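First up is the structure itself, then whatever we jot down about it.
On a predicted model such as this, the values are computed, not experimentally measured, just so you know.
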Amino acid sequence: MPLVGFTAIEPRLAWPLAALRGVFAVLFGVLALIWPGTTVLVLAILYGVYAIFDGIGGVMQAFRPGDAAHRAAYGVLGLLGIVAGVLVLLWPGITVLVLALLVGFWAIFTGIVEIVAAIRLRKQIEGEAFLIAAGALSLIAGIVIVFNPVAGAFGIALLVGIYALIYGVILLVLAFRLRKLARA
């Protein structure tokens, strides 16, 4: 049965595609783990390109008929997207550091909130020590990232690499299982 321009295939016949996707995911994961700095810069550049195209779409939306307030909002958001994309492409390293700092400050805020919540709820719940521990871990990680945002950026790349590696292995296992089904 066709599905948005694609044809749904018998799952047993899809094993080569699953295997190909798995191989590429594993390769990407390994490369991300070997070169985390390059991985983060490439992700920043991809975001910059996306922001420019999204901004162009917003500006185009501003010229369509409709409510003037919505059109103005699309125009402003579109222009901001284009500017953000250009800035990211001009300074991808700074973009990566800003992202790491945002993650760090978010982790600090989250950690403080979790510790305060655990202290306030200690008479109502058991095991609040786990929430305090989680909050402390978040707080420490956030402080480390804020004081060393490069390490935070590398950490993000390493997480992406680990995810891609695990995902790829799972796809390869699926491909071999589907291949076995196809042969049966």
Exercise for the section: Give the ring-plane orientation class for Y163 versus Y167, where under 30° counts as parallel, over 60° as perpendicular and anything between as tilted. Expected result: parallel
Just how far is it from atom [atom1] of [X] to atom [atom2] of [Y], taken to the nearest 0.5 Å?
X	Y	atom1	atom2	value
Q61	D54	CD	CG	11.0 Å
L101	W106	CG	CH2	15.0 Å
F53	I82	CZ	CD1	10.5 Å
L137	I132	CG	CD1	13.5 Å

Mind checking whether [X] and [Y] sit in one hydrophobic cluster, side chains of I, L, V, M, F, W, Y counted as touching below 4.5 Å?
X	Y	value
L159	V30	no
I156	F105	no
V59	V86	yes
W35	V26	yes
I143	V116	yes

A side-chain contact here means heavy atoms from C-beta on lying under 4.5 Å apart; do [X] and [Y] qualify?
X	Y	result
L43	L99	no
L31	T39	no
I45	L89	yes
F24	L20	yes

Might you point out which heavy atoms bring [X] and [Y] nearest each other, and give the distance in Å?
X	Y	result
A153	V40	O-CG2, 3.1 Å
R21	L171	CB-CD1, 3.8 Å
A25	G168	CB-CA, 3.5 Å
S138	A107	OG-O, 2.7 Å
A19	A175	N-CB, 3.4 Å
W15	L178	CB-CB, 3.5 Å

Handout entry: Test log, rule side chain to side chain contact (heavy atoms under 4.5 Å, CB included), inputs L158 and L33
Key = CA-CA 6 Å; L158 292 175; L33 293 173; 3.8 Å; yes
Exercise for the section: Answer yes or no: is there a donor N or O on one side and an acceptor on the other, between the side chain of R71 and the main chain of F63, under 3.5 Å? Expected result: no
Practice task
Show the numbers, then the answer: is there a side chain to side chain contact (heavy atoms under 4.5 Å, CB included) between W91 and L87?
Solution key: CA-CA 6 Å; W91 298 294; L87 291 175; 3.2 Å; yes
